[in-house]
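Notes to accompany the following structure.
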Number of protein chains: 2
Amino acid sequence: METKDLHALRAAIQRFILLTDEEWEMLVPDLQYCYLSRGEHWITEGQKERYMGFVLEGDMRHFYTRDGEEKTTYFYFENHLVGSYFSAINNTPSRLTIEALTDVRLLTFSYAHLKSLYDQCPKWERFGRMVAEYLAAGLEERMAGLLTMSPEERYIELLQGNKHKILERIPQHYIANYLGITPVSLSRIRKRLSDK
Amino acid sequence: METKDLHALRAAIQRFILLTDEEWEMLVPDLQYCYLSRGEHWITEGQKERYMGFVLEGDMRHFYTRDGEEKTTYFYFENHLVGSYFSAINNTPSRLTIEALTDVRLLTFSYAHLKSLYDQCPKWERFGRMVAEYLAAGLEERMAGLLTMSPEERYIELLQGNKHKILERIPQHYIANYLGITPVSLSRIRKRLSDK
DNA sequence: TGAATACGTTAACAAAAGATAATAAATGCT
DNA sequence: AGCATTTATTATCTTTTGTTAACGTATTCA
């Protein structure tokens with residue numbers, strides 16, 4: 001396992017909480033590399049996937065399937081944690097699929113192991129709390145945007161905000177899903193805006 | 001402080017985690033009653049409110065203000081925790097207002113005290129993690145609904161789901177906001193559905 | 001490199017939602 | 001009880017979105 005990769009993961013964790021070397025070492029034995037090719041599914045709807053991942057390299061998306069249609073609702077980039085978090089928590093089959101948009105390199109660890117860290121060590125429990133709070137805060141903000149802004153306003157916000165990575169790297173029809181509209185409608189919004 | 005009220009709060013907390021009497025007693029000294037009249041604001045946008053509440057009696061809503069319009073995005077009922085959680089976490093001014101829809105009786109405790117419980121006691125930290133996870137899971141589910149379903153489908157789901165309390169007790173124009181549409185549009189959806 | 005696939009735009013039409021205003025019914029309050 | 005306010009519906013008109021399909025371009029992959 002390359003030290004650069006380990007450092008990247010540790011740095012990501014330490015954006016939430018500082019770990020002693022001993023605390024960090026509690027996680028390391030459970031880490032594994034996972035390599036995905038573009039288009040490959042890491043987590044598949046209906047299955048009980050029990051791993052969390054950390055994106056070392058590449059981009060991913062997750063989507064729900066409704067009436068045979070894929071609805072992409074989130075993207076993952078380098079240095080982000082990825083997983084079907086809620087199905088892991090509740091130990092239920094995943095309702096979403098997580099797919100590699102490019103070739104992807106992950107570090108993975110089992111959710112079961114993370115839970116045992118919660119039991120063994122208050123610092124890891126705190127990490128869990130802070131991750132969940134961070135996640136909830138992000139979801140609340142995004143949901144408020146969906147409820148209080150029009151699709152066009154949401155697209156403008158995406159243009160101006162700190163989520164530029166999404167626009168640069170992701171096909172537009174996935175972005176349309178992310179905004180809650182169809183690809184055709186997003187194309188029209190872009191036309192409207194550029195005509196001004 | 002009435003023991004019935006204390007029991008209600010303890011039971012709500014213990015839906016997440018069992019507490020010993022000693023652990024429970026760590027919270028009690030910080031508890032205070034708060035009484036609100038119908039229409040009164042408990043937490044006001046722009047202010048740094050630092051209290052969490054537990055609804056003993058009554059209903060509340062929270063809303064964002066955009067262009068002078070109130071957009072109601074959530075409701076609180078008896079036996080639920082309430083607070084501008086994210087502004088408390090980040091120690092920033094609240095972006096939303098929380099209002100009493102009826103006369104309300106709350107038990108409150110400061111977020112600062114809760115944080116000190118996190119420091120003092122791993123069990124409380126775990127409680128914090130589990131609340132945040134519960135919150136995040138609920139937000140994820142609601143957001144998925146907003147992104148993958150039409151307003152009409154969302155209304156039907158609300159009719160059929162386990163959120164009946166919302167429909168029974170809450171004025172329809174607030175429910176429209178909650179669904180992400182205007183009151184006029186919700187009225188039309190109801191007409192469409194009843195015409196079948 | 002060549003063929004298949006994926007992607008973005010545009011058009012035409014239907015369906016739905018937003019905005020505004022008028023009305024009627026229900027509710028709250030003194 | 002009576003008056004003001006709140007709430008829900010309905011109508012009209014405008015705007016936006018969804019749907020389907022066609023088209024051209026870009027990309028992928030064998």
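Chain A is the first sequence line, chain B the second, and so forth, proteins listed ahead of strands; every chain is numbered from 1.
Comparing D:dT7, D:dT17, C:dA17 against the side chain of B:Pro171 picks out D:dT7 as the nearest. Comparing D:dT7, D:dT19, C:dG8 against the side chain of A:Val184 picks out D:dT19 as the nearest. Taking only side-chain atoms of B:Gln172, from C-beta outward, the nucleotide of D:dT17, D:dT9, C:dT10 with the closest atom is D:dT9. Distance from the side chain of A:Arg192 is smallest to D:dT17 among C:dA19, C:dG8, D:dT17.
The separation between B:Leu101 atom CG and C:dG28 atom C1' is 14 Å, rounded to whole Å. The separation between B:Ile181 atom CD1 and C:dG18 atom C1' is 11 Å, rounded to whole Å. The distance from atom CD of A:Glu153 to atom C1' of D:dT16 is 13 Å, rounded to the nearest whole Å. Here D:dA8 presents its C1' atom at 13 Å from NZ of B:Lys191, a figure rounded to the nearest Å. When rounded to the nearest whole Å, the span between CG of A:Leu147 and C1' of C:dG18 equals 16 Å. For the pair B:His173 NE2 and D:dT5 P, the interatomic distance rounds to 15 Å; values are reported in whole Å. Spacing between atom CD1 of A:Ile175 and atom P of C:dG8 amounts to 8 Å, rounded to whole angstrom units. Rounded to an integer number of Å, the gap from OH of A:Tyr155 to P of D:dT16 is 16 Å.
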Next item on the list: Could you give me the CA-CA distance, side-chain angles and deciding distance for B:Asp59 and B:Val104, then say whether side-chain contact (heavy atoms from CB on, under 4.5 Å) is met?
Entry: CA-CA 7 Å; B:Asp59 308 327; B:Val104 163; 5.9 Å; no
Next item on the list: Begin with the C-alpha distance, continue with both residues' side-chain angles, and end with the deciding distance and a verdict on side-chain contact (heavy atoms from CB on, under 4.5 Å) for A:Leu9 and A:Leu31.
Entry: CA-CA 10 Å; A:Leu9 174 55; A:Leu31 293 175; 3.8 Å; yes
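B:His62 pairs in a ring pair (Phe, Tyr, Trp, His ring centres under 6.0 Å) with only one of the listed residues (B:Phe75, B:Tyr76, B:Trp42), which is B:Tyr76.
Salt bridge present: A:Glu133 and A:Arg129 bring a charged side-chain N and a carboxylate O closer than 4.0 Å. Using a cut-off of 4.0 Å between Lys/Arg side-chain N and Asp/Glu carboxylate O, B:Asp195 and B:Arg188 are scored as not salt-bridged.
In this structure, A:Thr182 reaches the D:dG18 phosphate: one of its side-chain N or O atoms is under 4.0 Å from OP1 or OP2. For B:Ser187 and D:dA8, the shortest distance from a side-chain N or O to OP1 or OP2 is not below 4.0 Å.
Residue contacts shown for A:Pro183 are absent, as no nucleic acid heavy atom lies under 4.0 Å away. Among the heavy atoms of the strands lying under 4.0 Å from B:Arg188 is at least one base atom, whether or not backbone atoms are also near.
Comparing A:Ser150 and B:Arg190 by the nucleotide of DNA chain D that holds the closest heavy atom to each, the one mapping nearer the 5' end is B:Arg190. Nearest-nucleotide mapping onto DNA chain C: of B:Arg38 and B:Ile189, the residue sitting toward the 5' end is B:Ile189.
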